[in-house]
Undergrad: 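Below is one structure. I have some questions about it.
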Amino acid sequence: MKFMGNMLDYKMEKEKSSRIMKIICTVIVCAAVIITFIAVFFHSIISDSSIYRDGTTRVPMDMDLYVDGELAEVNAQLPKSVTVENGSTLTLKGIVPAGSITRGDLFMVSSDAGIVNVYVNEKPVFSSTAGTSNLLYDLHLNTHAIYIGQFPENESVRTISIEFIPSGLAFANTFTIDRLTVGSFFDLVSSLRRSVTILAIQILVYITLLLMTCGVFASSIKLKNVRDFSLGLMLMLLQSLLITVSSSQMRTFILPNEKLWQLLLVFSYMIYPLCFMITFNKILRIRFLSGTVYWVLAFLPASLCTLSAVISLSDSLAAFDIFAKIKHACITVNMIYTVLCVYEMKRRDESIAASYAAGYSFLMTAAFIMDLVRTSEMYSVNAIDNAANMVRLTAIGCYIVFSISSYYTKMQGIMGQIELDEMLYMDSLSGCYNRRNFEAFRKKAGMIKEHLLIFVFDINDVKIINDCFGHSEGDSIISYFGSFINEYLPEGSSIYRMGGDEFVALLPASLVRENIDAYTQELKKAYSRNAPYSTSIAAGYSIFDGGQQADFTQALRKADSMMYEDKAAHKQKYRTLTDEDLVESENEEK
């Protein structure tokens with residue numbers, strides 16, 4: 001019974017996919033409008049004042065630089081890059097002119113140092129490491145962090161001292177220090193207006209795509225092609241969103257917990273190759289690697305994290321050194337995969353899947369390399385971060401384009417096969433399955449376990465209609481019966497035209513709750529109410545309780561025999577009515 005059921009499923013899938021694409025386009029337009037309004041609104045509410053914009057400041061710019069308590073530079077010009085020895089502490093100190101800082105003002109400083117402490121009037125007011133410091137959490141991975149604190153509300157600010165402490169690793173002793181910014185919350189945000197706006201738009205784009213993908217996934221949970229695409233896209237979006245937010249300087253404005261962000265950043269790099277490999281190799285079936293190589297590449301960063309966690313029990317610095325190689329592992333995985341994709345393209349001369357996979361992998365490699373670029377200018381840091389994030393979005397766009405094009409290519413092939421199947425297995429006149437389809441089902445009847453109700457139908461008096469009015473009118477009767485029986489029988493029925501005006505219907509016996517004799521009589525009456533030329537149908541039925549193919553044939557013969565008895569009764573009734581008309585006519589003539 002399910003032999004041709006997939007044809008209807010694919011038609012429904014095509015219609016549903018068309019609706020999904022219309023919904024996606026609508027959501028994209030709405031999201032673009034919302035993002036634009038939010039960006040404009042954000043610019044309108046923040047303060048225009050900014051020491052980055054007009055050069056004015058309420059804090060001393062002539063702060064002196066000390067290394068391990070010894071004066072190293074007077075009136076240090078910021079931002080700048082500083083290199084210190086292991087265990088050394090770098091400090092900026094300055095005297096604040098009376099009244100230049102309002103009590104309760106916020107301050108903001110940016111750096112990629114391991115630890116940042118701020119003292120006001122020689123009292124600690126801020127520390128980037130609340131509680132005990134954990135090296136595995138303090139890894140900055142060459143990412144600047146913004147630290148925000150507040151000046152005391154109960155006393156005037158006379159002196160400011162900012163300590164910058166490296167993480168203790170040889171490769172982390174060179175770090176950058178950005179200038180100190182002071183003002184209200186909106187003053188601080190204003191100084192980072194461009195960066196905050198770009199990050200907000202990126203987050204909104206990711207969230208919009210995620211909501212769209214969730215909608216597609218929910219509406220197509222039973223459609224394998226669409227479901228796989230939406231699952232892969234959700235996986236990539238979540239991982240890329242995690243990298244974008246946790247590596248951004250603006251993360252402090254979202255959640256002021258630096259250790260949590262560092263942990264999320266490391267986790268995002270750790271799972272990236274796994275997400276990437278699963279998406280392209282499992283979901284999209286792009287497989288250029290042997291099983292062993294595939295799993296080694298997928299779990300390489302995760303293995304580095306595990307190894308560093310084990311080594312950290314005895315040697316924290318060595319573990320930290322291994323931990324910092326995660327980005328390099330991600331770059332290595334992407335470069336290997338890019339080379340394999342290019343090789344596949346050359347080997348097969350033409351491979352759309354390989355070209356899109358190579359494009360995605362190459363773009364992600366470029367984004368990771370950009371993450372490793374160091375600079376002392378915060379504007380440059382923002383520019384590099386934004387460029388890397390945009391490259392990631394472009395890579396995801398590459399995946400989306402490939403997935404959609406691949407999906408529609410498959411759908412075209414499927415619909416072409418459906419059209420061929422319709423020509424081979426469907427009866428164009430009645431809209432029912434044809435005899436070829438029935439014979440294919442009949443060969444598999446021995447595998448059916450459920451109880452089947454078998455109906456055999458024959459339309460009475462079609463031959464008379466053909467002789468009197470032509471075969472086109474007889475065909476219209478057959479077409480009408482096909483429409484009628486498809487609508488009348490419950491969903492789950494399979495109806496076949498066996499030839500001429502004879503039909504067979506198969507349906508699970510459980511679908512007919514009432515007495516089968518009564519159901520058959522009601523079906524015949526329902527047909528006769530609107531039947532063309534007042535035709536009627538003869539019907540027979542039987543129950544197939546499962547078994548061998550011979551048992552199915554026997555049940556079909558039983559239904560066929562009952563139908564012929566019903567047809568014979570109709571002919572007898574017709575003959576009797578005709579004889580009575582002749583007798584009545586002779587009497588009138590006499």
Side-chain angles (χ1 to χ4, degrees), residues 1-5 8 425-435 437-438 441-442 445 448 450-466 473-546 552-577:
M1 292 183 60
K2 297 180 181 179
F3 184 77
M4 292 300 297
L8 297 177
Y425 296 105
M426 297 294 291
D427 176 62
S428 59
L429 179 61
S430 64
C432 302
Y433 298 139
N434 60 17
R435 189 183 187 103
N437 196 340
F438 180 80
F441 169 81
R442 188 173 184 173
I448 297 175
E450 60 184 335
H451 297 286
L452 284 183
L453 178 57
I454 304 175
F455 276 115
V456 176
F457 302 105
D458 189 274
I459 307 174
N460 295 318
D461 304 326
V462 173
K463 185 177 185 305
I464 297 175
I465 303 299
N466 286 332
E473 294 302 309
D475 289 346
S476 68
I477 296 174
I478 294 173
S479 178
Y480 172 79
F481 177 79
S483 301
F484 163 79
I485 201 65
N486 273 296
E487 292 180 4
Y488 191 90
L489 291 181
E491 186 177 353
S493 306
S494 296
I495 305 162
Y496 306 84
R497 182 187 176 196
M498 303 301 289
D501 53 12
E502 185 175 345
F503 293 79
V504 173
L506 306 175
L507 60 156
S510 58
L511 295 180
V512 179
R513 306 292 182 184
E514 60 267 34
N515 181 274
I516 299 179
D517 283 325
Y519 182 81
T520 305
Q521 292 303 318
E522 182 59 34
L523 186 153
K524 293 164 67 176
K525 291 179 182 179
Y527 171 80
S528 299
R529 290 190 191 105
N530 299 302
Y533 294 100
S534 298
T535 53
S536 61
I537 55 175
Y541 67 86
S542 65
I543 300 293
F544 173 56
D545 296 322
F552 177 81
T553 302
Q554 185 64 31
L556 181 64
R557 287 175 180 171
K558 182 179 178 181
D560 197 48
S561 177
M562 181 182 292
M563 183 274 293
Y564 276 112
E565 291 177 5
D566 190 19
K567 194 173 186 66
H570 169 78
K571 289 182 178 180
Q572 182 62 36
K573 181 180 179 180
Y574 176 78
R575 188 177 295 111
T576 300
L577 291 174

Undergrad: Please report the closest heavy-atom contact between Cys432 and Arg497, naming both atoms and the distance.
TA: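 Nearest pair, atom of Cys432 first, then Arg497: CB-N, 4.2 Å.
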
Undergrad: Step by step, work out the side chain to side chain contact (heavy atoms under 4.5 Å, CB included) result for Phe438 and Leu556.
TA: CA-CA 12 Å; Phe438 180 80; Leu556 181 64; 3.8 Å; yes

Undergrad: With a 4.5 Å limit on heavy-atom distance, are the side chains of Ile485 and Leu523 in contact?
TA: yes

Undergrad: Looking only at heavy atoms, which two atoms of Ile454 and Leu506 are closest? And how far apart?
TA: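 Taking Ile454 first and Leu506 second, the nearest heavy atoms are CG1-CD2, 3.7 Å.
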
Undergrad: Is there a side-chain contact between Ile477 and Asp501 (heavy atoms, below 4.5 Å)?
TA: no

Undergrad: Got Glu502 and Val456 here, is their nearest side-chain heavy-atom distance under 4.5 Å?
TA: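 Yes, side chains in contact.
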
Undergrad: Of the non-hydrogen atoms in Leu511 and Glu491, which two are nearest, and what is the gap between them?
TA: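 What the structure gives for the nearest pair is CD1-O, 3.5 Å.
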
Undergrad: State, without any angle test, whether Thr535 and Asp461 hold a side-chain donor-acceptor pair at a distance under 3.5 Å.
TA: no

Undergrad: Is the gap between the ring centers of Phe481 and Phe457 under 6.0 Å?
TA: yes

Undergrad: For Asn486 and Gly431, work out which heavy atoms get closest and say how close.
TA: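 What the structure gives for the nearest pair is ND2-O, 4.1 Å.
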
Undergrad: Once rounded to the nearest 0.5 Å, what's the spacing between atom OG of Ser534 and atom CG of Asn460?
TA: 12.5 Å

Undergrad: Would you check if there is a donor-acceptor pair between the side chains of Asp427 and Tyr496 at a distance under 3.5 Å?
TA: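 No, no side-chain donor-acceptor pair sits under 3.5 Å.
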
Undergrad: Write down the atom of Arg435, the atom of Met498, and the distance for their closest heavy-atom approach.
TA: NH1-O, 3.1 Å

Undergrad: Which heavy atom in Gly500 sits nearest to a heavy atom in Ile478, and how many Å separate them?
TA: O-CD1, 3.4 Å

Undergrad: Find the distance between NE2 (His451) and CZ (Phe544) and round it off to the nearest 0.5 Å.
TA: 10.0 Å

Undergrad: Would you say the ring centroid of Phe503 lies under 6.0 angstrom from that of Phe455?
TA: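 No, ring centres 6.0 Å or more apart.
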
Undergrad: Roughly how far apart are Asn515 CG and Thr520 OG1, rounded to 0.5 Å?
TA: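 Between Asn515 CG and Thr520 OG1, I get 8.5 Å after rounding to 0.5 Å.
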
Undergrad: Can Lys558 and Glu565 be counted as an ion pair, charged N to O under 4.0 angstrom?
TA: no

Undergrad: Working to the nearest 0.5 Å, report the span between OG of Ser536 and NZ of Lys524.
TA: 7.5 Å

Undergrad: Does the side chain of Ile537 come within less than 4.5 Å of Asp458's, by heavy atoms?
TA: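 Asp458 does not reach Ile537 side chain to side chain.
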
Undergrad: Assess the pair Phe552 and Phe441: is the distance between their ring centroids shorter than 6.0 Å?
TA: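 Yes, they do, as the ring centres are separated by less than 6.0 Å.
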
Undergrad: Test Tyr480 against every option in Tyr533, Tyr488, Tyr527 by the ring-ring contact (aromatic ring centres under 6.0 Å, His included) rule and name the one that passes.
TA: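 The passing option is Tyr527.
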
Undergrad: Hey, which of Asn466, Ile465, Val462 is the one that makes side-chain contact (heavy atoms from CB on, under 4.5 Å) with Glu473?
TA: Ile465

